[in-house]
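Heads up: the structure comes next, in structure tokens.
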Amino acid sequence: MKDKKEEQSGTLQTVSRAVAVLRCFDEGERSLTLAELTARTGLNKVTTFRLAETLFAEGLLNKDARTGIYSISYGLISMARALLDPSGLISRAQPIIQAAREATGETVDINLREGREAVVVSEIHSPQPVRYTLGQGFRADLRVGAAGWAILSQLPEQETENILAAPGIRLADGGDLSPVFIRSGLEKARAEGFATTEGQRVPDAAGYAAAFRGPNGTVMGSIAIIMPSSRNRKPERKELFAETVRRSADELSNILGSEQSVA
């Protein structure tokens, strides 16, 4: 007879395996056969079949009745709706980042902090033919790029140091980024109210970002502007980018804070 610990372990293993099946679709795959799911998960065919059928029954996978091929379901979108627009933040921020895009002519992102990473949750593309875009869901180490630096620069010192102490700081080109260099950039960001980097998250791209705060005053994320490095040369453009991210982040912080006060 299984004891309680063994039962919990088995339950957690089942959840982990179900997630593994869903992750088979991470790379943009629209549909997969049972054999393909089995190969990707590394599980046996019977286990994979049971997991896939359970996910199908729960509305998280679709299944073609004729071919038996599985595909990702819109049911996942329903589950993730609150995550995609937490507390309506993105809808409230849209006019702000739209104005930033119009003022600069460059791509503007909203990044939310998730642990040690910054995740793009909304993006308005530059109208210019040569542009940089990251895409919704793009995530990067907080220690790499303006979006992350803006967030890090506003965190409590000990929390920042704990994040900097983690191993494996990598640039877009695979090179290393030293904590000493990052600290210097964070100090500058604190003094100026924005962070700026070049070629860290995306090669040959420049970024400007400023952090915004949520209703309780904690740092939620950052608003960032990204562009080809070639369009980040003139002093007046640099000043425009810096002022725009500072103003945009302040506006969003004020909206989020004022709504909490009203509530």
Ile96 and Ile255, any side-chain heavy atoms less than 4.5 Å apart: yes
Tell me if a side-chain donor or acceptor on Arg139 pairs with a main-chain N or O of Glu117 at a distance below 3.5 Å. no
Asn162: side-chain contact (heavy atoms from CB on, under 4.5 Å) partners, not counting sequence neighbours: Gln158
Which atom names give the shortest non-hydrogen contact between Asn216 and Thr218, and what distance separates them? OD1-OG1, 2.7 Å
Just verifying a value: how many Å separate Ile151 CD1 and Asn111 CG, rounded to the nearest 0.5 Å? 6.0 Å
Expected output: side-chain Ser73 to main-chain Asn62 donor-acceptor under 3.5 Å: no
Just checking Glu159: does its CD atom have more than 12 heavy atoms from other residues, nucleotides or ligands closer to it than 6.0 angstrom? yes
Minimum heavy-atom separation for Val121 to Ile90, with atom names? O-CD1, 3.6 Å
Just by modelled atom types, is the Gly207 backbone N or O under 3.5 Å from a matching donor or acceptor in the Thr196 side chain? yes
Kindly compute the distance separating CG (Leu89) from CG (Leu252), expressed to the nearest 0.5 Å. 5.5 Å
Closest non-hydrogen contact found for Ser229 with Ala206 is OG-N, 3.8 Å
Would you call Arg237 and Asn232 a side-chain contact if the rule is heavy atoms closer than 4.5 Å? no
Any donor-acceptor pair under 3.5 Å from Arg101 side chain to Ile124 backbone: no
Closest non-hydrogen atoms of Ala209 and Ala146, given as atom of the first, atom of the second and distance, are CB-O, 3.4 Å
Which heavy atom of Ala211 sits nearest a heavy atom of Ala249, and at what distance? O-CB, 3.3 Å
Separation between CZ of Phe181 and OG1 of Thr197, rounded to the nearest 0.5 Å: 8.5 Å
Could you grab the distance from atom OH of Tyr70 to atom CG of Leu51, nearest 0.5 Å is fine? 10.0 Å
Got a sec: does the CD of Glu236 have more than 12 other heavy atoms crowding it under 6.0 Å? yes
Mark yes or no for whether Gln136, through its side chain, and Ser122, through its backbone, hold a donor-acceptor pair below 3.5 Å. no
If we ignore hydrogens and angles and just use 3.5 Å, is the side chain of Ser253 paired with the main-chain N or O of Arg213 as donor and acceptor? yes
Any sub-3.5 Å donor-acceptor pair from Ser126's side-chain atoms to Gln128's backbone N or O? yes
Note, Leu177 side chain near Asp141 side chain (heavy atom, < 4.5 Å): no
Assess the residue pair Phe212 and Leu112 against the criterion (side chain to side chain contact (heavy atoms under 4.5 Å, CB included)); give the C-alpha distance rounded to whole Å, side-chain angles, the decisive distance to 0.1 Å, and a yes or no. CA-CA 9 Å; Phe212 63 86; Leu112 287 184; 3.8 Å; yes
Evaluate the ring planes of Tyr208 and Phe194, with Trp represented by its six-membered ring, and classify them as parallel (under 30°), tilted (30 to 60°) or perpendicular (over 60°). parallel
Flag, side chain of Arg113 to backbone of Gly115, donor-acceptor distance under 3.5 Å: yes
Treating Ile, Leu, Val, Met, Phe, Trp and Tyr as nodes and any side-chain heavy-atom pair under 4.5 angstrom as an edge, say whether Met227 and Leu240 lie in one connected cluster. no
Just by modelled atom types, is the Leu152 backbone N or O under 3.5 Å from a matching donor or acceptor in the Thr160 side chain? yes
Carefully, step by step, assess Arg40 and Arg23 under the rule side chain to side chain contact (heavy atoms under 4.5 Å, CB included). CA-CA 9 Å; Arg40 293 189 180 202; Arg23 289 194 186 281; over 6 Å; no
Ser222 side chain to Ala147 main-chain N or O, any donor-acceptor pair under 3.5 Å? yes
Any salt bridge between Glu192 and Arg246, counting N to O under 4.0 Å? no
Answer yes or no: are there more than 12 heavy-atom neighbours, outside Arg190 itself, under 6.0 Å from its atom CZ? yes
Do NZ/NE/NH1/NH2 and the carboxylate oxygens of Arg131 and Glu123 come within less than 4.0 Å? no
Answer yes or no: is there a side-chain heavy-atom contact under 4.5 Å between Leu256 and Met220? yes
Please check if the number of heavy atoms outside Phe138 that lie under 6.0 Å from its CZ is greater than 12. yes
To the nearest 0.5 Å, what is the distance between CZ (Arg50) and CG (Leu55)? 14.5 Å
Roughly how far, to the nearest 0.5 Å, is CG of Leu60 from CG of Leu22? 6.0 Å
With sequence neighbours excluded, residues passing side-chain contact (heavy atoms from CB on, under 4.5 Å) with Ala166: Arg116, Arg143
Decide yes or no for Ile110 and Ile97: does some side-chain heavy atom of the first lie under 4.5 Å from some side-chain heavy atom of the second? yes
Minimum side-chain heavy-atom gap Ile69-Glu36 below 4.5 Å: no
Got Leu61 and Ile72 here, is their nearest side-chain heavy-atom distance under 4.5 Å? yes
Over all atoms of both residues, closest heavy-atom pair of Ala52 and Leu37: CB-CD1, 4.3 Å
Can Thr41 and Thr47 be said to form a side chain to side chain contact (heavy atoms under 4.5 Å, CB included), step by step? CA-CA 10 Å; Thr41 60; Thr47 299; over 6 Å; no
Over 12 foreign heavy atoms within 6.0 Å of CD, Glu58: no
